[in-house]
Amino acid sequence: MASAGPSAASTQPALPSGPAVFKTIPYAFILPEIVCGTWVWILVAATSVSLPLLQGWVMYVSLTSCLISLLLLLSYLFGFHRNSENWKVLDSLYHGATAILYMSAAVLQANATINSEFQFDTPLNYQLNSAASFFAFLTTFLYILHAFSIYYQ
């Protein structure tokens with residue numbers, strides 16, 4: 001005799017859309033990711049760049065991630081996902097890959113901060129680099145939290 005229990009598809013939680021995005025845990029991390037990522041590229045852009053190759057990568061990762069996360073947030077707000085299981089896979093892969101890229105950018109920004117400490121620049125440049133490093137690591141942590149929480153959901 002076959003069991004008449006619910007199917008596996010009906011037990012999956014529905015993807016949020018509209019304002020529910022800000023109340024659901026993995027998706028509520030998107031807005032802080034955007035805000036902290038925006039602070040990273042604003043602070044790096046405000047410094048006098050001593051290592052253009054390193055901080056160029058930081059700018060590329062932070063700006064690209066910010067824009068793609070904004071598009072992802074808008075797609076969740078407007079319900080473009082239509083509760084498809086593929087969006088969970090896309091979301092998990094995007095946030096996992098971005099966490100790795102952001103970790104590399106955060107380490108390079110920390111290196112730029114250390115190098116700016118020993119140069120004869122203004123203390124403001126070192127403080128801006130320190131703040132950019134802090135927000136880069138914070139944004140990395142947010143992307144990691146999002147990737148793992150969507151994976152384990």
Side-chain angles (χ1 to χ4, degrees), residues 13-81 83-153:
L15 292 173
S17 61
V21 171
F22 302 113
K23 298 175 187 173
T24 310
I25 258 313
Y27 309 101
F29 291 129
I30 296 176
L31 191 60
E33 291 164 2
I34 293 170
V35 170
C36 291
T38 303
W39 273 111
V40 171
W41 65 265
I42 288 173
L43 290 167
V44 171
T47 64
S48 64
V49 177
S50 58
L51 302 166
L53 187 61
L54 300 182
Q55 289 182 307
W57 176 250
V58 175
M59 287 290 288
Y60 173 75
V61 169
S62 62
L63 188 58
T64 305
S65 301
C66 181
L67 292 176
I68 294 174
S69 292
L70 182 64
L71 289 174
L72 193 61
L73 176 65
L74 290 175
S75 68
Y76 280 124
L77 284 175
F78 293 125
F80 293 144
H81 54 76
N83 210 14
S84 172
E85 196 64 29
N86 294 334
W87 278 87
K88 281 188 175 182
V89 174
L90 172 78
D91 196 344
S92 180
L93 288 175
Y94 165 70
H95 282 90
T98 305
I100 293 168
L101 293 175
Y102 237 110
M103 179 59 81
S104 71
V107 168
L108 291 176
Q109 180 58 38
N111 184 17
T113 302
I114 292 169
N115 287 337
S116 71
E117 181 183 16
F118 298 118
Q119 293 174 349
F120 296 106
D121 286 337
T122 62
L124 178 65
N125 192 33
Y126 174 70
Q127 292 167 354
L128 289 172
N129 278 323
S130 297
S133 295
F134 171 76
F135 279 110
F137 280 108
L138 180 64
T139 308
T140 303
F141 181 66
L142 287 170
Y143 276 106
I144 290 170
L145 277 178
H146 189 122
F148 277 119
S149 62
I150 196 84
Y151 178 74
Y152 285 116
Q153 186 183 35

Side chain to side chain contact (heavy atoms under 4.5 Å, CB included) partners for V89, two or more places apart:
L93
d(I144 CD1, I100 CD1) to nearest 0.5 Å is 8.5 Å
What residues form a side chain to side chain contact (heavy atoms under 4.5 Å, CB included) with S104, not counting sequence neighbours?
W57
List the residues meeting ring-ring contact (aromatic ring centres under 6.0 Å, His included) with H95, not counting sequence neighbours, and say none if there are none.
Y143, H146
To the nearest 0.5 Å, tell me how far L142 CG sits from I30 CD1.
11.5 Å
Quick one: does S75's side chain get under 4.5 Å of W87's, heavy atoms only?
yes
Nearest-0.5 Å distance, CZ of residue F141 to CD of residue E33:
11.5 Å
Side-chain (Y94) to main-chain (S65) donor-acceptor, under 3.5 angstrom
yes
Supply the atom-to-atom distance L101 CG to T64 OG1, rounded to the nearest 0.5 angstrom.
9.5 Å
Could you pull out the closest heavy-atom pair between A136 and Y102, with the gap in Å?
O-CD2, 3.8 Å
Residues forming a side chain to side chain donor-acceptor pair (under 3.5 Å) with S130, sequence neighbours excluded
none
Please table the atom pairs, donor to acceptor, closer than 3.5 Å between any side-chain atom in residues 35-45 and protein atoms at least two apart or in another chain.
residue	atom	partner	partner atom	Å
T38	OG1	I34	O	2.6

Using every non-hydrogen atom in the two residues, find where S92 and A147 come nearest and quote the distance to one decimal.
OG-O, 4.1 Å
Spell out, as yes or no, whether a donor-acceptor pair under 3.5 Å connects the side chain of T113 to the backbone of N129.
yes
Sequence neighbours excluded, the answer for side chain to side chain contact (heavy atoms under 4.5 Å, CB included) partners of L124 is T122, Q127, L128
CD on Q109 to OG1 on T140, rounded to 0.5 Å:
11.0 Å
Apply side chain to side chain contact (heavy atoms under 4.5 Å, CB included) to F134 and list each qualifying residue two or more places apart in sequence or on a separate chain.
L138
Enter the distance from L70:CG to L31:CG here, rounded to the nearest 0.5 Å.
9.5 Å
Between F29 and S149, is the side-chain contact (heavy atoms from CB on, under 4.5 Å) condition met? List the steps.
CA-CA 10 Å; F29 291 129; S149 62; 4.1 Å; yes
Any chance the side chains of N125 and S48 put a donor and an acceptor closer than 3.5 Å?
yes
